[in-house]
Amino acid sequence: MRWVKTLSAVVMGCTIFLALTGCSNDKTNLEDATVPLALGLDVIDEKLRYYISAPVFSRDIKKKSREGGGIAEGLRQSRNQQDAQFPGAVAGRNYQVIIVGKKLLQYKDWFKVLDVKFRDPRNTVTDRIIAYDGPVTDVIHFQAKDQPPTSVFLRGLIDSGSRRSTTVKTTEQELHRQMHDRAITPAISEIMIENGKILLKGTTLLSQEGQYRDSLSYQETSLLQILKKEAKPGVSLTFPVEGMQEQLPFNTDLVSFSIGDISVKVKSSHDHDRFQYHIKINAFISITEKFLEYELLENSEEMASHLSKEMKKSIEKLIDKFQKHKIDPVGFGLYARAYHYPLYKAAQDNWGEELARAQFHVDVDLRIGATGAVE
Amino acid sequence: MKTIRQVSTLQFTLMVSAFQISVAFLSLPRELARQAGTDGWIAIFFGWGMATLASAALVKVMKNSPDGSILDLIQRYMGVWPSKMAAFIFMAYYLLLAYDGFMIASLVIKLWLLPSTYIYVLVLLLLIPTFQIAQHGFQVIGRYSEIVALISIWIPFVYLTTLRHARWLYLLPVLKDGWLPVLSTVKIMFYPMLGIGLAFFIYPHLVKKEKALTAMVISNTLTCLVYLGITLVCYVYFSPDEIGKFNDPVISIMKSIELQFIERIEVPFIAFYLFVFSCIWIPSMHLVSMNSAWLLGKDKERGHLAVWCFAVAVSFFIYRPSFIDVARVNNFLNLAGFVMEFALPVCVLLYVAMTKKVRGGRRS
Amino acid sequence: MMKERSANHEQEEQITPCLNESIGRIQDMFTDTPDLIVRKLTIKQTGEKAAIVYMEELTDKTCINHDILAPLQLESGNPSDDFITNVGYVKPESLWAKLRLNLMLGNSVLFIEGRGTAYILDTKGLPTRAIEDPQQEPSLKGAHQGFIEIGSQNIAMIRRYIPDQELKLRRYIVGRRGQTAVTLMYLEDVAHPEIIKVFEERIQSIDVDAIINTGELAEFIEDQPLALLPQILTTERPDTAASQILQGRCVVVVDGSPSVLVAPVTFMSFFQTVDDYSSRWSISSFLRMLRIFAFFIAIFLPGFYISVISYHFEIIPMKLLLTLGESRGQVPFPPFVEAIIMEITLEMLREAGVRLPAPIGQTVGIVGGIVIGQAVVQAGLISNVMVIVVAFTAISSFIIPNQDMMAAVRLMRFMIMVLATWFGFIGMVVGMMTIMGRLITLNSLDTSYSTPIAPFKAADWKDTLLRVPLWLMNNRPLSTRAIQAKRQGRNRGWKEKQ
C-alpha cells in the first residue's frame, strides 16, 4: 500500500504545482501600466467627453505627463479607447482628482457616470472632485513650467485650501454620501484659470440631483464650513465695521480675525408648521488685521459685538441664498431627521422645499481673545 | 501527553470567537442595515442573549462526557448507529461551513485584489497552510488562534480613525420605525454566532473544564462587541440612504482612510484579513476529518484530511461559486446552524436528562 | 557469526602477567604507529620490571617524566602502595579493548611484570589554544571568554558560574570510532526529569562513526531536522550556557567542539543575547523589539517590494509612485528577476567574505557594496530602490544574534519572494501562515517551540519583547518546565530599608 500513498502524494504535489505556476494573470508591473492621475468629464455638443492625464515614467522625456481623451457613453466602456491611446494597461487605481465641467453639471444624475468607480473595488474613491467653469480640456492640457504635474498640483491646492476653509474637500466617497443622503445637498470645490494660472475659486453648490445651483466665495465657504462644524481652528474672516468707512485704495473699515475655539450649536424645532432652527455660535477670536484707529483694549466688547453683528448678517445672507435655491449644503436635514423623524419622513423627498420654508435664528457671540503683538 | 492534547481556556475563548467573527464580520453590517435600517445594531444584543443560552445548554450537555466529544456522548447514551449518523451530520455541517469560508474568502480576494486569478487556484493556495495546521489537532489550532488574535489587535484602531468623518446623528432617532424591524432581524443573528458548536468537540481537551461556560460567555461577548463596534462605525460613516447600496461596507469604509505613508489601506487589510478568515476553515476541516475518521473507525485523520482538502479544491474546479451562491449558502447555514448549535444541545440535554431519570428510576 | 564471536572475544581479552608478551601484543596492535612510545624501566621500590606505553603527542610529556618516570625510578616509599606515582588518576584495568582506547585518548598505560592488571594513568595533554573572545557571539559588556575544544575545560568554565552541588553531569560516549565524550549538564533540583530522560534516550540511541562537531549531534537529536528553523540552540559562550542552565534547561558539552547545545529552547531564545541582561532594561527592550522587527523585515521586505510593484501599486503614496515608476522604467527585468539577481549577488558576496582573510574580506565588502551597487544602478540593470531594499534586508538579517536562525531567515526569504511574485499580497499572507504554522507545530525536545506567544503564557512575556527589570523576574521561565520555579527573592532589599 505504500505505493498508493506515494502515488497520491505525487499526484497531489503535481496538481498543486501545475495549478500554482500557471497563474500570473493579474500581474501588471508598475512600469508597464499607465496610471492616470486626473480624470476630466465634460459635455460638448450634447456628448459626454472624458479626458485623462497620466504621468510618464521616463527620465528622458521632458514633458511630465501625457493626456488623452475621447467621446464615450460610459467610463468603463471607453476603456478600449483609453488603452488605444496609451502604452500599457490603463489602470484606474490611482486617480487624484476628477474635474467636472459646468456643462456637465447642467444634467441631472450626472453622478451615475462615476458608478464604475464605486463598483470596481480596485478604483480609488478618495480623489477630489473639482468643478470648473469652462471647457475641461483647458485644465487637463494645462502645462506650466513652474508647477508640478497638474493632477498633483490640483490635489495639493484643494487640500491646503480646505485646511484653511477657503474651499471644501469633497472626495468621491463624500460626494456619494452627499448625493444619496436626502438630508444634505452636495458641495464641491471650484477652480478657475486666470492669467495662465490655475486658481482656487471657492465652492460650487449642487442640487440633490447634482445640478449646478450657485457658487460661493472664499469667505462664504468659510462660513459654510463653520455651520457644518467642519471648520478647523485658524479660519480667517474679514468684516467691515459699521460707520467708519473711508475712501482709500484699501478700505480701512475692515477688520480681520482668525477663529480659535469655536462652538456651533444647532437646535431644531418644529413650530407653526415649519421647521425652526436656532444656531448659536460662540467663538474665541484673535484680531489679525485692523486698519482703523481704534482702542481695542478698552473697547474690545464693542468691537466684538460689531463683528458679531456683521458675522450674523453674513450668515443670514448665506442661509437666504440656500433657501432661495432650495438646497441644504449644511445638512440641516440631519437634525430634522434625528430629532423630528416623523415630520422629516413626510417631507424627505422634497427636503429642499421644506427647508426653504424653514425659519432660522442666528446668534453669534464672539470674544476677542488676543490682538496680536501690536495693539 | 500525546493522547489528549490540552487546550487552555484562553485558546478556547479565542478559537470560538475567531470562528464566529471570521466570516460574518464582513457581511453583518450590510445585512442588519438592509433589514432594519439604522437600528440594526440593537439586534446584536438579542443575538448575544440567544448564544449565551445555547452555550449554557451546550456546556451542561458536555458535562456528562468529560473525556469524549459529543460523538462519544451519543454513543454512550444512544448507541453506535446514532453516533455514526451524528458523525455524518456533523461532517456534512462542518464541510459546508468550511466551503462557505473558502468561498467567501476567495470571492472577496477575487473581487478586491486579484480579479483574474482562477478561484480554484486561490483555494488550493489557501489549503496548503490549512493542511499543515489542521492535521495537528485542537492544541495547535488553539495556538494559531492566539497568534491571529495577537496580530489583529491593530484592526479596531484603524476603524476608529474613520470616526473622524463620522456623523453620529445618523443613529438618531433610535428605534425610529419601532421594534418590529429589529425583532425580525434577530433571525439572521444565528449565522454570525455559529462557533459555539466547537465546544462539542473541544470540551474533552480543556484543561479547566469548570471554566468552560465562563470562557464561552466571554467569547460570545467579545464577538458581539466586535460586531457592535463595526456596525456602529459603518452606520455613522454611511448615511442611512446609501448604506444599503454597498455590498461590503466594512471594506468600503477603509477606502477612505488616508494615511501619509500608504494609500488604499484596504488592500493590505484584505490580505491580512485572510488570517481571520482562516480561523473558520482550519477548525472546520479538522472536524470534518475527525468525523469522517470516526465514521470509518480508523484513526488516520491525516489521510482523511488530505483527501478532504483535495476534494474541496476539486469542487471549486468543477463549480465556480458566485456571490449569489454565497447568499444562498449563508441563508441555509443560518437555518442549519440554528438546528446544529442552538437546538441540538437543548434536545440532547433533554434526552440525556430523561435517560438519566429513567435509568436512575430503574436502578432504584 | 564467526566474526561477531571473535569480536566479542576480543573485547573480553585480558592481559597476561608476562611483560614481554604485553609489549609484544601492543606492538602488534599498533602497527604503523610511530608515535607510540614504549619505555621500559625498573621500579626502584620493588625492583620489578615495568614498561610504560603512551602516544607521543597526545600526552603531557612533562607529567610523564616528572610524575611517573621519576618517582617510579627514583623513589622508594610505602611498600603497601601498588606503586609510586604523582599522577592524580590511576585506574587498574585488564581488558585489552579498554587499554587500547585509553592509549588513543592520551592516557598512559603502565605494565608491571608479574601483575595481571595494567594501570591507566591520566596524562592527557592534548594541544589546546588559549581562551579568547568567541568569534560568532561577541558581546559588549559580557565576559570575553569562549569555549575551547577540550571538553573538561569547557565544563570547568561553566562550573565556575555555578559552583552548586546540584549541577550534575552525565557522561556518554558517542561514536564507534570517535568515542567522543558527550556530557549532559543540568541542575538536578531545577530541570524537569522528563527532559533529562528524553535527552538521555536520544543521545544514547546514536550509532555513528564519529561526531566531529556539535552541529552533527544537534541534527541527530532534534525533533525535526528537516525544518528550516533550528530547534536547538548552540552557543560558544560559557555565560550564556550557565544562564540557560539556571533557567532550567540542559546543556550538552561535546568534547572536541567549541560549541555547546542548549535545549529545550523556544523561538524567542534565538533573539536573546547576554548583553540584554547586563545593559539597562530600556535599551535591552528596545533592542529586543528591533531584533524581532528585523526578523520580519528580513523575511518579508523583498517579497513586499515585488508584490507592491507587480500587483498592488495603488498603495504607494503619490510622490513615491512617480519616482518609483521612473526608476523602474529603465530596468529591463521584471521585479522578481531583479530581486533574485540582487539577492543572489549579496549571498555570494557574503559567502565570499566568510572565507577570505580579514583585510581582503573588508575590501571585498566595500567593493561589493559600493561599487557594484552603484554601477549596477547606473547601468540601468537594477533600480535603486531595489538596491536599498536588498541592503536593508541584509542588514536586518545580520541583526539576528544566532547563526542558525539567520540562515533560516535567509532561506525563507526566497520562498516568500516566489510566492509574492505568483500571488502578490495573498501569496505573502499564505507564506506567513505557513511559517506561523511551522512555528506552532515545532517542538524542541517535546516542549512547544512557540511559547510564550502561543500557547500564551503571560508570565514569560517578561523576557520576550521587553526585558523587564531584573528584580521583577522572580521565577524561571515557564517554557523550561522547571520543577523549582523561584529563583530570586528580593534583590533590591537595600531600597526597602531606606
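Naming: A, B, ... by sequence-line order, numbering from 1 per chain.
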At their closest point, which heavy atom of C:Met433 faces which heavy atom of B:Leu274, and how far apart are they? CE-O, 3.9 Å
For the candidates B:Val140, B:Val7, B:Leu122, B:Thr130, which exhibits the highest count of non-hydrogen atom pairs separated by less than 4.5 Å from chain C? B:Val140
Using modelled atom types and a 3.5 Å cut-off, is there a donor and acceptor pairing between side-chain atoms of B:Arg143 and backbone atoms of C:Ile440? yes
NE2/C:His312 to CD1/B:Ile270 distance, rounded to the nearest 0.5 angstrom? 10.0 Å
In this structure, are over 12 heavy atoms from other groups packed under 6.0 Å from B:Lys110 atom NZ? yes
Which atoms of C:Ser307 are under 4.5 Å from chain B, going by heavy atoms: the side chain, the backbone, both sets, or neither? neither
Answer yes or no: are there more than 12 heavy-atom neighbours, outside B:Arg320 itself, under 6.0 Å from its atom CZ? yes
Heavy-atom pair with the smallest gap, counting every atom of C:Pro317 and B:Phe261: CG-O, 3.3 Å
Measure the CZ-CG distance between C:Phe456 and B:Leu150 for me, rounded to the nearest 0.5 Å. 7.0 Å
How far apart are the closest heavy atoms of C:Val430 and B:Pro129, and which atoms are they? CG1-CD, 3.9 Å
For residues B:Ile265 and C:Ile315, determine if any side-chain heavy atom of one lies less than 4.5 Å from a side-chain heavy atom of the other. no
Can you confirm whether more than 12 heavy atoms, excluding those of B:Phe317, are under 6.0 Å from its CZ atom? no
For atom CZ of B:Phe323, is the number of surrounding heavy atoms from other residues, nucleotides or ligands below 6.0 Å larger than 12? yes
Around atom CD of C:Glu219, are there more than 12 heavy atoms of other residues, nucleotides or ligands at under 6.0 Å? no
Non-hydrogen atoms of chain C under 4.5 Å away: do they reach the side chain of B:Tyr144, the backbone, both or neither? both
How many angstroms lie between atom OG1 of C:Thr434 and atom CD1 of B:Ile133, to the nearest 0.5 angstrom? 7.5 Å
When you compare the side chain of B:Ile147 with that of C:Ile453, does any pair of heavy atoms fall below 4.5 Å? yes
Under 4.5 Å from any heavy atom of chain C - which part of B:Glu263: both
Would you mind reporting whether C:Met436 and B:Val148 have side-chain heavy atoms less than 4.5 Å apart? yes
Got a sec: does the CZ of C:Phe392 have more than 12 other heavy atoms crowding it under 6.0 Å? no
With side chains defined as the heavy atoms from C-beta onward, is the minimum distance between C:Phe423 and B:Thr117 less than 4.5 Å? yes
Measuring only between side-chain heavy atoms, which start at C-beta, is C:Pro455 closer than 4.5 Å to B:Gln6? no
Step-by-step side chain to side chain contact (heavy atoms under 4.5 Å, CB included) determination, C:Tyr311 to B:Leu113: CA-CA 8 Å; C:Tyr311 288 88; B:Leu113 294 183; over 6 Å; no
Under 4.5 Å from any heavy atom of chain C, what part of B:Ser278 do you find: side chain, backbone, both or neither? side chain
